[in-house]
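Just so you know, ligand 1 is whichever comes first in the structure, and atom 1 is the first atom listed for that ligand. We number each residue from 1, following the sequence as shown.
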Amino acid sequence: MSNDLGSPYIGVKPALSTKATAGTNSSLVEQYVHFGYDQVLLSITNAHYREKSRKVFQKAKRLVDITIPSPSLTDVNIFAGPHVQNTIGLLSSWIELESEDELISEFSKQVMIKELEYAKFIGINHLIMAPPKNLIKLANYSKSVNDALDITQTHNITISISLPLCEEITEDSFRFQPIDSLSTWDMWNSIRTSCDYNQRLKISLAIPKSGIPINVVERWFAEPVSILLMSSSIFILNNKGYPVLSKTIQTLLHHFHIKKPLYLLHGLEKVPEEVDSSSYMKYINYILVRNQAPLNIIDKVSKNHQDVLLPPLQPLATNLDDFTYSIFEKDDVKYDVYGKAIYSALSDLSHLHTINIAIVGAGKGGLVEQVVKAVRKLQSSSNISITAIEKNTSAVIYLQKRNFDDWNQSVDILNIDMREWSPKESHNIIVSELLGSMGCNELSPECLEPLEKYLDRENGVFIPQSYTSFIAPTFSPKIYNSIRSKGGQLNFHKQYVVKQLESASCSTKINEIWSYQHPTIKERSNKRRTISTFKIRHKTVIHGISGYFTTNLYNDIELSIKPDTHTENLTSWFPLFFPLEEPLYVPDDTELEVFITRESSNGKVWYEWSVESFMYLVVPGDNSNEFQIRVRTGMSKIHNQRGKGFVMNLNFE
Ligand SMILES: C[S@@+](CC[C@H](N)C(=O)[O-])C[C@H]1O[C@@H](n2cnc3c(N)ncnc32)[C@H](O)[C@@H]1O
């Protein structure tokens, strides 16, 4: 039985016998693959090589003296051959790349280079590297990782640093000093930043037995974790003697499964004799295939679009094609909720003798259909007129066909720009869907404003009546890297529509920034500007700002893509992302100010954005008083100044 995500990839680190040779290891890998494992982890070199290198080190007195020999036949654990595609290489952990002693550092670097050269020769494509022993002094270690990435570039080898998910929480750790649950993430972030976000640098994350803070899991989820390291010691034996995992670890595996990591089992040689070691692999398969919940509708629809950057649509400046309209039409939820709002508004106006309804920006008629249905359902005695307005000439042909086939020619279809419409009579219901992921980013305010004069002020309503934009600072190294790989800094001055998977919100709050109402209550320009403040509790990196919207269609009938109030199964909109050209690192307890504006000039509308971070310091004052000062700790440039990267056009292109 399979599920939406398929079977897990499972790997194993065998305990090699003292008689193991590269030759016997080739058959060992083949045997494990035959048992059903996808990958086998083997050290590149063995204990002979360690001993040989140690002797050279002991003889060397000065930096210039040391030359580590290349491994020979008896020093390696892996030969070239077809089994290498199922082999992950482990670089020696007995070296100290982080050492500040020049001789040790040089020795370690030479061993690493010898192993990398051999890994390249045999065709290994994934290597695991041990972490530094010191969390604080990372410069030497980061330089070695950078060198390793450089040396393996020609062979496109992934280098995965093994790291614990967090420092282990023991009773003692609490007693002496507070545990920083993000310390290992912080170390990783420092190394990855030094290596300039190299896309071949990944993480092999070791899952602890217990004490897994949820914010730390969310942080790692957004990182390039290629392997989950699972020691046999994190399993417990149930009363039938089978290994099982705690609920917390099961939830973690279910959560990570969509990232398709390799689940790498190790320490199986230590399990009690009566336990069949293959039951660990079978159990992981069981929980990730049989017990994995199916994807929800939104994840299913976006399965192939997760973290893919899409340019925002410009339905005013360009003409959408049939394919794009057909994607809109797949979202029954949007049309159902609109249908409810239209019916409710129509019922409230049913005492009128005449009811004029317009659908502006009718597209291929999804909302016209909802209006026709509502009118039929209401069976009102009023005279009801329906007008559909659409500027896309090709879509109008489709509307004409539907009018003939489905609506009994009851709809007046006008092929014009709605801003040029001048009806003879006032209208009671004006329905539109000109909303982007931030609400106002498909120019709904500018399109609807000229129509307000045709709304019957006493008995008239716009659907939607209002829409509100929200923002949240976001951690997403993956999106940052995707934008970088497009080449050119201007790409950081555009906004993107992205269904975010590997990202995490940096604050618990999502802030409202501005709203539009139709008809407007008091004359106001469509420009907006705001400074929005967020408390950031845990250290993180801000890669950009995510934008969302909610809309009030009629009375309390709403649609929302704001994560905490998201309309169930609504798939028409993914969030907007405003990137930062330089990621901004912020420590614990930071206050972040996001400055965002909606500007317009010369027939163009655009957003500009920037961020600033602050910390509060407690400083001693007079008379043993203390007071707090707010210190600016970081800031970004203003992005998309005067629309240099991306504008929304008010005119047809
Ligand atoms: C997001 S689509 C919605 C289509 C349809 N109402 C639906 O929900 O299936 C917006 C539509 O508005 C049209 N549109 C945008 N601005 C317009 C304008 N100023 N005048 C007329 N049509 C416009 C676009 O061509 C597009 O068909």
Side-chain angles (χ1 to χ4, degrees), residues 310-342 357-374 386-403 406-407 411-423 427 429-452 454 462-464 467 497 516 518 526 549 551 553 559 561 567 570-574 576 600 603-605 648-653:
L310 304 167
L313 288 180
Q314 294 224 34
L316 175 56
T318 59
N319 276 333
L320 305 178
D321 56 18
D322 181 64
F323 178 76
T324 312
Y325 283 116
S326 310
I327 294 175
F328 298 155
E329 284 161 9
K330 288 201 179 110
D331 185 3
D332 293 340
V333 174
K334 179 186 107 172
Y335 293 104
D336 287 351
V337 178
Y338 258 93
K340 277 192 195 119
I342 293 164
I357 308 173
I359 303 96
V360 294
K364 279 176 62 192
L367 295 181
V368 183
E369 171 74 16
Q370 294 303 325
V371 169
V372 172
K373 263 197 201 160
I386 307 173
T387 307
I389 296 173
E390 174 54 58
K391 55 106 191 157
N392 180 346
T393 313
S394 309
V396 166
I397 296 176
Y398 196 85
L399 284 174
Q400 288 163 342
K401 181 172 183 313
R402 288 205 75 182
N403 201 17
D406 306 329
W407 305 325
V411 181
D412 274 339
I413 298 170
L414 304 179
N415 183 193
I416 53 165
D417 187 313
M418 66 179 82
R419 292 168 295 178
E420 279 147 26
W421 184 44
S422 54
H427 274 64
I429 303 179
I430 300 180
V431 185
S432 69
E433 193 280 89
L434 303 161
L435 302 169
S437 307
M438 276 271 282
C440 55
N441 63 306
E442 287 183 11
L443 305 177
S444 183
E446 287 75 10
C447 286
L448 294 183
E449 201 181 30
L451 308 189
E452 292 185 357
Y454 303 121
F462 274 90
I463 295 178
Y467 31 91
V497 172
Y516 290 87
H518 300 288
N526 286 324
F549 81 99
T551 178
L553 294 181
L559 286 173
I561 66 155
T567 306
L570 177 71
T571 55
S572 287
W573 295 272
F574 297 149
L576 209 58
S600 65
K604 298 183 193 323
V605 178
M648 297 157 288
N649 279 307
L650 281 163
N651 300 314
F652 188 65
E653 284 171 346

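Between Val411 and Thr387, the closest heavy-atom pair is CG1-C, 4.4 Å.
Of the candidates Pro315, Ala362, Gly366, Ala362 brings a heavy atom nearest to atom 5 (C) of ligand 1. Taking each of Glu446, Met418, Glu369, Arg419 in turn, the one with a heavy atom nearest to atom 20 (N) of ligand 1 proves to be Met418.
Distances from ligand 1 to the non-hydrogen atoms of Tyr338 include no value under 4.0 Å. For the ligand labelled ligand 1, residue Ala395 lies outside the 4.0 Å heavy-atom shell. Heavy-atom separations between Ile416 and ligand 1 include at least one value shorter than 4.0 Å.
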Q. So Leu316 and Phe652, side-chain contact (heavy atoms from CB on, under 4.5 Å) or not? Walk me through it.
A. CA-CA 6 Å; Leu316 175 56; Phe652 188 65; over 6 Å; no
Q) Does the side chain to side chain donor-acceptor pair (under 3.5 Å) test come out yes or no for Asn651 and Lys604, once each step is laid out? A) CA-CA 8 Å; Asn651 300 314; Lys604 298 183 193 323; over 6 Å; no
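With a 4.0 Å heavy-atom cut-off, ligand 1 is reached by the side chain of Leu434 but not by its N, CA, C or O. Contacts with ligand 1 closer than 4.0 Å are made by side-chain heavy atoms of Leu367 only, the backbone lying farther away. At a heavy-atom distance under 4.0 Å, only side-chain atoms of Lys334, from C-beta outward, approach ligand 1.
Within the structure, every pair that satisfies the salt bridge (charged side-chain N to carboxylate O under 4.0 Å, His left out) test and touches residues 432-444, not counting sequence neighbours, is listed here: Lys334-Glu433. Sorted by first and then second residue, the salt bridge (charged side-chain N to carboxylate O under 4.0 Å, His left out) pairs with a member in residues 364-373 read Asp322-Lys364, Glu329-Lys364, Glu369-Arg402; sequence neighbours excluded.
Relative ring orientation between Trp573 and Phe549 is described as perpendicular, the plane-to-plane angle rising above 60° on a 0-90° scale split at 30° and 60°. Note on ring orientation: taking the six-membered ring where Trp is involved, the planes of Trp421 and His427 are perpendicular (angle over 60°, cut-offs 30° and 60°).
The single protein non-hydrogen atom nearest to atom 27 (O) of ligand 1 is Tyr325 OH, 2.6 Å, given as residue, atom name and distance. In this structure, atom 10 (C) of ligand 1 lies nearest to the protein heavy atom Glu433 O, 3.6 Å. Nearest protein heavy-atom contact of atom 23 (C) of ligand 1 is Lys391 CG, 3.5 Å.
On a distance-only criterion, Lys364 and ligand 1 share no N/O pair closer than 3.5 Å. Taking any N or O of Asn319, backbone or side chain, none lies under 3.5 Å from an N or O belonging to ligand 1. The shortest N or O to N or O distance between Gly361 and ligand 1 is below 3.5 Å. Polar contact with ligand 1: absent for Phe328 (N/O pair, distance under 3.5 Å). In terms of polar-atom proximity, Glu442 is not counted as a contact of ligand 1, lacking any N or O under 3.5 Å from an N or O of the ligand.
For the pair Leu451/Met418, a side-chain contact is recorded, criterion being any heavy-atom separation below 4.5 Å from C-beta on.
Checking Asn392 against Tyr325 by side-chain atom types alone, a donor-acceptor pair falls below 3.5 Å. No side-chain N or O of Tyr516 forms a donor-acceptor pair with one of Ser444 less than 3.5 Å apart.
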